[in-house]
Structure formats: C-alpha cells, structure tokens
Amino acid sequence: MKDVAQLARLMQGNEAIVEGALAAGLRFFAGYPITPSTEISELLAERLPLYGGKFIQMEDEMASMAAIIGASLAGLKSLTATSGPGFSLKQENIGFASMAEVPCVVVNVQRHGPSTGMPTAPAQGDVMQARWGTHGDHAIIALCPASVQESYSLTVEAFNLSEKYRVPVILLTDEVIGHMRERVVLPQPGAMKVIDRKKPPTGLEKYYPYQPGEDGVPSVANFCENYRFHVTGLAHDESGFPTTNPEVVEKLINRLNDKIMEHVDDIVLSESWLTKDAEIIIVAYGAVSRSAKKTVKEARAAGLKVGLFRPITIWPFPEKEIAALSRQAHTIIVPEMNLGQLKLEVERVTSGRSKVIGVNKVNGELITPGEILDAIIKL
Amino acid sequence: MQNKVNKYLRSEMLPHIWCPGCGNGIVLGALTRAFGLLDCDQDNTVVVSGIGCSSRASGYLDFSTLHTTHGRALAFATGIKLARPELKVFVIMGDGDSTGIGGNHFIHAARRNIDLTAIIFNNSIYGMTGGQSSPLSPLNSKATTAPQGTLERPFDLPELARAAGATYVARGTTYHANMLTQLIKNGADHKGFSVVEAITACPISYGRRNKMGNGYDMLLWQKEHGIPVERARKLEPSEMEGKFAIGELHKSDAPEFTDIYERFIDEKQINHREAKKA
C-alpha cells in the first residue's frame, strides 16, 4: 500500500470525472465538442481504447445522446458530456432514456446562458433544465459536485444510481469545478463500490422486460443476451410493446416516478456543516458552496450562528432535510449563480416557516463569501 | 419459403396498423424474405427504427428491436454497432425521418461507412401526421402543407447517400417486390453502410391528394416509372424525365468504421504495453 502522499495528484475537475467514469466501468462515450466540457471528450478519446472501450465524436448533441442509449442497451456503461446548449439538444433523448429505462450518465458542465451566453464563464442556470428539460413527467437524478475529489466520487455514484434504478443520471457540475485544479487522492482501484444493472433470470418461457421487481425497477436484458424484446419511447406495457390503455399507462408513468421517489433515502446525499445550533442556514451547492463555507467561518468568527447545508443530490431534492432545518432556522439564505432556481424548491419545502433569501449573480462570476455575508449582515 | 421466414415475424403483433392499400406491408414482406435468404440469426441481430408509419415495422419483427426517436435511428444504431460490432444491425426509417429531421445522421453514417443496413420506406409524405410534404416529396406534388404543390426540390436519396460515402446504394419499389428482397439481401451482405430506398405507396395521404388512384393504381405507377438501372443508363435524360432508376445503383469497397476502430484499439493497447516496458 502506497502512502497517501504518493497517491495524491493535482487534477482538474473534468479530468476527475474521466477517472471516476473509468473506475465505475465506463466502456462507451459519445460526445460533441462544447466548452467547458471538452476535456472530458479529449481525455476519453485517449483513455477508453486502452480499456477496450469505445469513443466516438458524433455529428451533433442529439446523436451523442442517442448513441450512448444504443450502446447501453447493447450492454456497455455509457457516458456523454456537454454544457447548457448541448444539454438542451439532448433533452428529447434523455426523455427516451427515462421512458425506456436505459441506464446512462450525462455530464453537464454548466456555463452562462441563456443561449450561447458566455461559454467560458460559470453559471448554475440548468438546475430546472436538469429536472424538467424533457417533456412529460419523468424520473431523474442529478448530482452536484463541489470539489475535484467529489467530481470523481460522484461520477462513480452517478453510474451506480443509473445502473441500479435504470434512469439517466445528470452530473450537474459547473465551469468552476470543471476547470479548477486541486489536490485529490483517488481511491485504490476497487475501493469504491461499483454497481452493475441487474439481469433477468435465464430460461424464462415468457419474458416481460418491463415487469418491475419489488424495488419498482425492471430487469431489462441487454440486447442479444438470452431474450428478444422490443424497446420503445411509446407508452408500453410490461411486455415492452406500445399500449394506449389508460390504466396501464397511468401505472407506468407513476412507476417511473415512484422508483426514484420511494428511494430518496438511498439516493439523496447532502452535507451539513455547523448546522446544529444554527439560526441562519445557507443552502448552497456546487462551486458556490465553497464560497458559502468561507462565509460561515467569517460569520461564526463574528459570533453569528450560521451553518451550511449543501445538497449533493439536487434531484430528487433533499426535502426532508431542508424541512427539518426550517424548523430551527429563522432564515435560510440560498446563494446561486442564477436568478433563484433552487430557491423555489427551498421555499416550497419550508412552507413559510423560515424566511428564504436569495443571493443571486448572473454575470459569469462566482459569488464571493463577502456577498453572502452581506446578505446575513443586512438581516 | 413461407415457413422459413414466418419465424422472423411476431405474428401475435399482427394485424399491422397500416392503412388499406399502404405499401409498407410489402416492404416488410421483402425485408422478411431477405432475412430468410440471409438465414439471419435472430439472437444476434438488432432492428432499429425511427418514428413514423414505416418505423412501426420494428415491432412486428422478432429480433432485439428498438423503436427510437424521430430521425435518430441511425445514431442509436451507431451506438449499438460500435458497442458490439459482432451484431448485425438493420435500420428502418421513413423519408421524412431519414432525410428531414434525421438528415444529418444519414450523411454521417454514410461518411463513416459504418456497417448498418438502412432501409428507407419512401412514400413521399409524412403519413403518420396526416400528409405533410417531406424532403422526398416530388416538386409540385400536393400535401396538406403544400396545398398548391411543393415549391421545394426533393433530394435524390441514392445520390445523396453515394455522395456522402455510402458504399452500397440501391432503390427498389413495392411493385418489384422480388427485386426489393434481393436488394435488401445484397445490402445486408455488403460490409459497410448500405442504403436501400424502397418506393412505397401511401394512397390515403399522398395518392388521394395527387390523384394517383388507389393502392393498386399506385403499384402500376411504380411499374411504369421504375426503370431497371441497366436500361436507365442507356436512356437519354429526356427519356428518363419523371422516371427513376431501380436496382443496384452504386457499390464500392471502403474500410468499414467498426473494423477500423477495433484495429485502432488493438494497436493502441500494443503500443501502450510496449511504452510501459520501455
């Protein structure tokens, strides 16, 4: 066993995503060049073939999303990476992956928007797009790393959740975390748990690919492995074939939602820091949570009882945790590099118990600790 | 023959959803017979389709089948084929599906020369949505979105495929059903991106509006306007006016994409091991 100092490396966030994906068993990547996610593509073009994996630069973002769904159905763990404009283009096929329950991971390194915005500047404007970007009610999981180390571990987690629940998982990072370099200590190979999709039992006389298990998740076989079956984005019954039967469709759409919402305790990750006695709570995620940590330190030094709650999983939203905090804190501050997207969720969950104040910045610059502190001082 | 090919159909899913007089069933029949000629292994073949009338065909075929999103069938199929090159992959699309919303994927699949067999059901119209003009609707033909006739020139699909890099390009019709079977079979035997355009009739949404009669009349129209390529090549352009060549239109040899990638992986791994030793 090498000692930790030897294993420590200086690494960029996007690079850590690549390492995490490979540790999770990634074998297929399809992408299209877009700032600030391109390093992920470039590194995987080099690395994947060494693992016997496949890399392809597709003709556009829609094709990249389609190709990873195809590869995943063929049995390979699949990834694509993009930023806001590309994320918008992928939405239709993200919906397909939700409906057809195809495991896959989509990295969105958020940049300023709308539209082309400022391609090299950070933002957190895709919080709601990650949740509701594709049409129709659907399940989704989105994870938000706040460090390079976490870019690695949450990528592994993203694959695990995707395989376990057969759902597209969004790694919703941002330009600051994606391009920042800091010290990381990668776990030894095999140190992190890796989950593979469950397979159906062999030898079934009649196979229902979309029959859910007790956990609400079906055991869809990989293509050309023991069973022949149909996969469609149309509403379908447990056989996988289209149906318009209202009862069957109602059950399907509810199951797609319930298989995630009934497992929030397994899925939702968060970090609480100095919240125990806090009267003011900052709810911050991604790069902004780093500023918020500094704010807490400064506020504490000034004798203010301030704590930080950091949603790591932002979808499903950590409702229970934030509802509990709203019973102790008179004020919740939500700093975001958008005009208040996650704040809407905080307001919904706190039901007026705490005052909810946003600190918002949409000029392509990271929110500073001082800006959050100012909001506290103004209270 | 019938017994040999019936196994390729999910007979429990029939009857199909297509309208009376629609030619799609004939294309499906030709495809099914081609599977028979190929002695296709159902457990190592994937059929991918897009969205539209034609793309419902995947549901009737007993393989691993994938009914995707509009225009994207080739991109899904590219993922499957690159992930597992040992699988045989067929892609079923319509004219609007493959050359309108999916036009970009079509030319890029051709450019890569990836080993997929694409069958385009060309009925000259968006049928599922009720008869809007497509990029393959003939100039001046009527559609719900072109009530006075289309103002735009159509693509010549085989020319588009060939120019983009497809290495097998053929065109058949539902009248020449046996030829169509053979063209699909030859396309599947060819290593590389194969395109088979199947001219099929949509009497309800296209024929009716363009006064082409019923399904039977439209079959006769195909008989009169489809000229075997050997003969077509000898005719003057003026003699081919309004007509189209059928048969194998283009065939060439070029390296196939997944083969190239597999070799690339091998070389990269060898180089990596040697670099490590050094």
Side-chain angles (χ1 to χ4, degrees), chain A residues 27-30 45-78 80 92-97 99-100 102 104 134 209 221-234 236 239-242, chain B residues 10 12-13 17 41-49 51 56 58-89 101-102 104-105 107-109 111-112 114 257-258 261-262 264-269 271-273:
Chain A
R27 287 297 176 271
F28 190 95
F29 179 93
E46 184 66 29
R47 297 286 298 283
L48 262 176
L50 298 175
Y51 292 76
K54 315 289 170 70
F55 168 92
I56 186 167
Q57 183 173 316
M58 292 298 286
E59 51 272 19
D60 57 39
E61 297 277 5
M62 291 88 86
S64 308
M65 193 63 216
I68 69 162
I69 295 170
S72 179
L73 282 167
L76 301 188
K77 288 190 181 177
S78 302
T80 185
E92 186 195 14
N93 283 336
I94 290 175
F96 185 93
M99 186 63 140
V102 184
C104 54
T134 195
N222 294 330
F223 269 175
C224 300
E225 278 183 29
N226 299 316
Y227 297 106
R228 297 194 294 269
F229 59 97
H230 189 58
V231 175
T232 177
L234 283 168
H236 47 271
S239 73
F241 288 103
Chain B
R10 287 170 172 146
E12 72 278 15
M13 299 308 293
I17 63 158
D41 176 0
Q42 284 164 281
D43 295 320
N44 283 298
T45 301
V46 182
V47 179
V48 184
S49 64
I51 290 289
R56 288 304 188 94
S58 60
Y60 307 131
L61 292 165
D62 195 3
F63 296 91
S64 291
T65 53
L66 176 60
H67 178 222
T68 68
T69 46
H70 198 21
R72 319 289 170 220
L74 282 168
F76 281 80
T78 297
I80 294 168
K81 183 69 186 177
L82 182 57
R84 290 181 63 190
E86 73 278 14
L87 301 179
K88 191 89 193 149
V89 182
I101 192 165
N104 201 30
H105 311 310
I107 57 174
H108 286 275
R111 176 178 64 83
R112 290 186 188 103
I114 184 165
F257 176 66
T258 61
Y261 203 90
E262 291 297 312
F264 168 71
I265 288 176
D266 290 346
E267 281 165 23
K268 203 142 168 81
Q269 291 184 340
N271 291 343
H272 185 70
R273 277 196 296 272

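Chain naming here is simple, since letters A, B, ... match the order of the sequence lines and numbering starts at 1 in each.
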* **Distance (rounded to the nearest 0.5 Å) between A/F223 CZ and B/L87 CG** => 10.0 Å
* Asked: Looking only at heavy atoms, what is the nearest atom pair of A/I69 and B/F76, with distance?
  -> CG2-CE2, 3.5 Å
* Euclidean distance, A/M62 CE relative to B/T69 OG1, rounded to 0.5 Å -> 9.5 Å
* According to the interplanar angle, ranging from 0 to 90°, do the rings of A/H230 and B/H67 count as parallel (below 30°), tilted (30 to 60°) or perpendicular (above 60°)? -> parallel
* Asked: Does the pair A/I56 and B/F257 meet the rule for a side chain to side chain contact (heavy atoms under 4.5 Å, CB included), with working shown?
  -> CA-CA 11 Å; A/I56 186 167; B/F257 176 66; 3.8 Å; yes
* State, to 0.1 Å, how close A/Y227 and B/S64 come at their nearest heavy-atom pair, and which atoms those are. => O-OG, 4.0 Å
* Asked: How many angstroms lie between CG in A/N222 and CD1 in B/I80, if you round to the nearest 0.5 Å?
  -> 11.5 Å
* Asked: Who among B/A77, B/A73, B/G59 has the most heavy-atom pairs with chain A under 4.5 Å?
  -> B/G59
* Asked: What is the minimum heavy-atom distance between B/D43 and A/C224, and which atoms define it?
  -> O-CB, 3.2 Å
* Relative to chain A, which of B/H108, B/H272, B/H105 shows the most heavy atom pairs under 4.5 Å? -> B/H105
* Heavy-atom proximity to chain B below 4.5 Å, by part of A/F229 -> backbone
* To do: Name all pairs fulfilling the salt bridge (Lys or Arg N to Asp or Glu O under 4.0 Å) condition that reach into residues 49-59 of chain A, sequence neighbours left out, sorted by first residue then second.
  => A/K54-B/E262, A/E59-B/R112
* **Within-4.5 Å side-chain heavy-atom neighbours: B/K268 and A/E46** => yes
* To do: Please round to the nearest 0.5 Å and tell me the distance separating atom CE of B/M13 and atom OG of A/S239.
  => 6.5 Å
* Specify which of A/I68, A/L73, A/L234 makes the most heavy-atom pairs with chain B at under 4.5 Å. => A/L234
* Structure fact -> Pair count under 4.5 Å, heavy atoms only, with chain A: among B/K81, B/H70, B/R84, highest is B/R84
* Toward chain B, the part of A/Y51 with a non-hydrogen atom under 4.5 Å -> backbone
* Structure fact -> CG (A/L48) and CD1 (B/I265) are apart, to the nearest 0.5 Å, by 8.5 Å
* To do: Give, as side chain, backbone, both or neither, the part of B/R10 having an atom under 4.5 angstrom from any heavy atom of chain A.
  => side chain
* Structure fact -> The interface call for B/L82 against chain A, heavy-atom contacts under 4.5 Å, is both
* Asked: Using non-hydrogen atoms only, which part of B/R56 is less than 4.5 Å away from chain A: side chain, backbone, both, or neither?
  -> side chain
* Is it the backbone or the side chain of B/T45 that comes under 4.5 Å from a heavy atom of chain A, or both, or neither? -> backbone
* Structure fact -> Comparing B/I107, B/I51, B/T258, B/D62 against chain A, the one with the most heavy-atom pairs below 4.5 Å turns out to be B/D62
* Exercise: identify the closest heavy-atom pair between B/Y261 and A/P49 -> OH-CG, 3.7 Å
* To do: Quick one: which of A/G70, A/A30, A/S78 has the most heavy-atom pairs under 4.5 Å with chain B, could you say?
  => A/G70
